[in-house]
A.B. asks: 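Handing you a structure now.
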Amino acid sequence: MPFRPRYTGLIDKYRDRLPVHDDTRIISLGEGNTPLIRLNNIPRLLGKEVDIYVKYEGLNPTGSFKDRGMTMAVTKAVDEGSRAIICASTGNTSAAAAAYASRAGIASFVLIPDGKIALGKLAQAMIHGAVVIQIKGNFDAGMQLVKDVALEAPVTIVNSINPFRLQGQKTAAFEIVEELECAPDFHCLPVGNAGNITAHWMGYREYQDHGIVNNHPRMVGYQAAGSAPFMRGQPVDNPETVATAIRIGHPQSWDKAWKVREESNGWFDECTDQEILAAQKLLALKEGVFCEPASATSLAGAIRDIKSGKIPEGSKVVCTLTGHGLKDPDIAISQSTAPVHTVEATLESVKRAILENMA
Ligand SMILES: *Cc1c(COP(=O)(O)O)cnc(C)c1O
């Protein structure tokens with residue numbers, strides 16, 4: 001039979017490794033199973049013999065890795081009888097929460113920072129029917145409010161402090177190991193609350209502990225320079241960065257993240273907004289892959305560490321691209337240098353525009 005069974009999402013695929021029962025009603029949109037793309041041109045430009053792969057999590061149903069966690073969190077919330085979920089969000093969590101809640105037929109409440117959310121993400125929360133509560137404060141303030149209100153209202157928190165989120169997100173590491181037939185040498189991620197780096201490490205450890213693979217990567221987390229509490233050694237009260245998805249000064253998984261660094265013998269570092277945007281653009285121009293600014297932080301950091309030799313030649317490196325570039329079209333357009341040519345609708349003018357712009 002040349003056909004394979006229909007892919008029905010990561011809970012079905014990894015059922016044995018996730019906290020569900022045979023009769024659990026699964027809330028899924030077919031998340032996971034995202035492409036692991038080997039970069040062809042960027043390693044050559046760097047002049048380094050390295051294998052760089054990007055795990056394109058922007059191709060999840062709502063355009064970010066948050067779907068991996070949300071399918072688990074909402075499945076468990078529904079299983080436990082919850083009628084509403086709530087989250088604080090820089091955008092992608094609210095998009096995922098809104099979509100999975102509507103799939104499940106429950107309500108969603110999302111707290112977003114006033115004015116600092118990418119347009120695509122806001123559109124998603126709205127079209128899926130979330131109750132959008134814009135607070136006059138940043139993500140960290142929203143997170144505290146969510147924790148406080150959940151003590152007094154019948155709502156389930158679906159931020160990454162919900163342990164089921166990390167269970168879902170660990171499956172990205174499973175997929176990478178299965179495709180590479182080993183763990184990479186380095187796994188680079190952008191870090192905000194540090195839930196995702198923690199979840200990936202859980203996945204790699206699980207496969208190693210169960211003898212599916214006999215190595216694990218060094219985990220490398222990059223923060224945006226204006227929002228880099230791990231580099232400052234303490235929370236940052238007024239985080240700032242163009243990479244709004246990681247504009248977080250009080251990471252919720254602080255201790256877990258440091259444990260990951262220690263156990264995996266990895267490190268944290270920071271990237272400037274200029275480095276982040278340059279990496280986003282390089283990836284789009286040289287490899288045809290469009291990710292949002294926060295996502296490019298993993299590649300920006302990896303490029304710097306490959307150039308310096310901290311990530312040595314001969315290494316296999318995976319960079320997680322956490323979200324899709326279309327989430328934040330304003331940034332993409334504003335940093336694009338390619339002009340739009342407006343001409344008469346005639347063969348002559350179009351031909352001229354082509355010939356004048358041939359490389
Ligand atoms: C949520 C998010 C992050 C940060 O992930 P954490 O688990 O909070 O560290 C990074 N990039 C994008 C696009 C995100 O949506």
Side-chain angles (χ1 to χ4, degrees), residues 19 27 64-101 104 106-117 121-122 125 128 130-170 191-199 202 221 223 227-230 232 234-239 244-260 294 322:
I27 312 297
S64 86
F65 75 85
K66 299 297 197 301
D67 294 343
R68 291 184 187 270
M70 206 55 72
T71 185
M72 268 309 307
V74 174
T75 291
K76 294 303 278 189
V78 168
D79 197 42
E80 288 159 7
S82 178
R83 300 297 311 150
I85 58 174
I86 190 168
C87 64
S89 179
T90 59
N92 283 331
T93 303
S94 62
Y100 283 81
I106 62 174
S108 61
F109 298 92
V110 305
L111 270 71
I112 58 171
D114 191 12
K116 295 281 185 176
I117 177 172
K121 305 176 186 182
L122 183 60
H128 292 303
V131 176
V132 179
I133 304 167
Q134 196 161 55
I135 59 159
K136 295 177 180 162
N138 61 21
F139 169 86
D140 301 305
M143 191 64 241
Q144 190 55 51
L145 285 163
V146 162
K147 288 180 183 173
D148 293 344
V149 82
L151 295 174
E152 304 191 5
V155 288
T156 303
I157 300 177
V158 293
N159 282 103
S160 56
I161 57 171
N162 176 324
F164 301 121
R165 278 274 310 273
L166 301 193
Q167 285 292 320
Q169 287 168 215
K170 75 181 179 184
V191 168
N193 276 308
N196 208 27
I197 195 168
T198 303
M202 281 170 50
Q223 298 192 304
S227 315
F230 289 162
R232 307 290 97 84
Q234 60 184 42
V236 170
D237 278 335
N238 292 300
T244 52
I246 51 171
R247 187 168 168 267
I248 291 165
H250 293 244
Q252 296 298 308
S253 294
W254 185 285
D255 295 339
K256 291 194 187 104
W258 283 95
K259 211 163 148 244
V260 168
T322 44

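Predicted model only: the values in this text are computed from it and were never measured.
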A.B. asks: Does atom CZ of Arg232 have more than 12 heavy-atom neighbours, drawn from other residues, nucleotides or ligands, at distances under 6.0 Å?
C.D. replies: yes
A.B. asks: Distance only, no hydrogens: is a donor on one side chain within 3.5 Å (strictly under) of an acceptor on the other, for Asp148 and Gln144?
C.D. replies: yes
A.B. asks: Show, in sequence, the C-alpha distance, side-chain angles and deciding distance for Val131 and Val110, and conclude whether the side chain to side chain contact (heavy atoms under 4.5 Å, CB included) test is met.
C.D. replies: CA-CA 6 Å; Val131 176; Val110 305; over 6 Å; no
A.B. asks: Measure the spacing between CH2 of Trp254 and OG1 of Thr198 and express it to the nearest 0.5 Å.
C.D. replies: 13.0 Å
A.B. asks: Between Leu166 and Ser160, is there a side-chain heavy-atom distance shorter than 4.5 Å?
C.D. replies: yes
A.B. asks: Mind checking the CD1-CG spacing from Ile248 to Asp140? Nearest 0.5 Å is all I need.
C.D. replies: 6.5 Å
A.B. asks: I'd like to check Lys147 versus Ile161 (side-chain heavy atoms, cut-off strictly below 4.5 Å). Are they in contact?
C.D. replies: yes
A.B. asks: Between the side chain of Thr75 and the main-chain N/O of Thr71, is any donor-acceptor distance below 3.5 Å?
C.D. replies: yes
A.B. asks: Find out whether Thr93 and Arg165 are in side-chain contact, i.e. whether some heavy atom of one side chain is under 4.5 Å from a heavy atom of the other.
C.D. replies: yes
A.B. asks: Mind checking whether Val146 and Asn159 have side chains closer than 4.5 Å, heavy atoms only?
C.D. replies: yes
A.B. asks: Which atom names give the shortest non-hydrogen contact between Pro113 and Gln134, and what distance separates them?
C.D. replies: O-NE2, 3.8 Å
A.B. asks: From Arg68 CZ over to Gln169 CD, what is the distance, rounded to the nearest 0.5 angstrom?
C.D. replies: 8.5 Å
A.B. asks: List the atom of Ala98, the atom of Ser108, and the distance in Å for their closest heavy-atom pair.
C.D. replies: CA-OG, 3.7 Å
A.B. asks: Decide yes or no for Val155 and Ser82: does some side-chain heavy atom of the first lie under 4.5 Å from some side-chain heavy atom of the second?
C.D. replies: no
A.B. asks: In terms of side-chain heavy atoms, does Asp237 have a donor or acceptor partner in His250 at a distance below 3.5 Å?
C.D. replies: yes
A.B. asks: Counting C-beta onward and ignoring hydrogens, is there a side-chain heavy-atom pair between Ile86 and Leu111 closer than 4.5 Å?
C.D. replies: yes
A.B. asks: Quick one: CE on Met72 to OH on Tyr100, what's the gap to the nearest 0.5 Å?
C.D. replies: 12.0 Å
A.B. asks: Closest approach of Val132 and Ala125, non-hydrogen atoms and distance?
C.D. replies: CG2-CB, 4.1 Å
A.B. asks: Could you check whether any side-chain N or O of Gln223 sits under 3.5 Å from a backbone N or O of Phe230, counting only pairs where one atom can act as donor and the other as acceptor?
C.D. replies: yes
A.B. asks: Which atom names give the shortest non-hydrogen contact between Lys76 and Pro19, and what distance separates them?
C.D. replies: NZ-O, 2.7 Å
A.B. asks: Working to the nearest 0.5 angstrom, can you tell me the gap between Asn193 CG and Lys256 NZ?
C.D. replies: 10.5 Å
A.B. asks: Taking the side chain as every heavy atom from C-beta outward, state whether Ile85 and Phe109 have any pair of such atoms under 4.5 Å apart.
C.D. replies: no
A.B. asks: Side chain to side chain contact (heavy atoms under 4.5 Å, CB included), that's the test. Do Leu122 and Ile112 meet it? Break it down for me.
C.D. replies: CA-CA 9 Å; Leu122 183 60; Ile112 58 171; 3.6 Å; yes
A.B. asks: May I ask you to test the Pro154-Arg83 pair for a side-chain heavy-atom distance under 4.5 Å?
C.D. replies: no
A.B. asks: Between Ala88 and Met143, which heavy-atom pair has the shortest distance, and what is it?
C.D. replies: CB-N, 3.5 Å
A.B. asks: Could you grab the distance from atom NZ of Lys136 to atom CG of Asp114, nearest 0.5 Å is fine?
C.D. replies: 7.0 Å
A.B. asks: Can you tell me if Asn238 has over 12 outside heavy atoms packed within less than 6.0 Å of its CG?
C.D. replies: no
A.B. asks: Considering all heavy atoms of both residues, which atom of Ser94 and which atom of Ser89 are nearest to each other, and what is their separation?
C.D. replies: N-OG, 2.9 Å
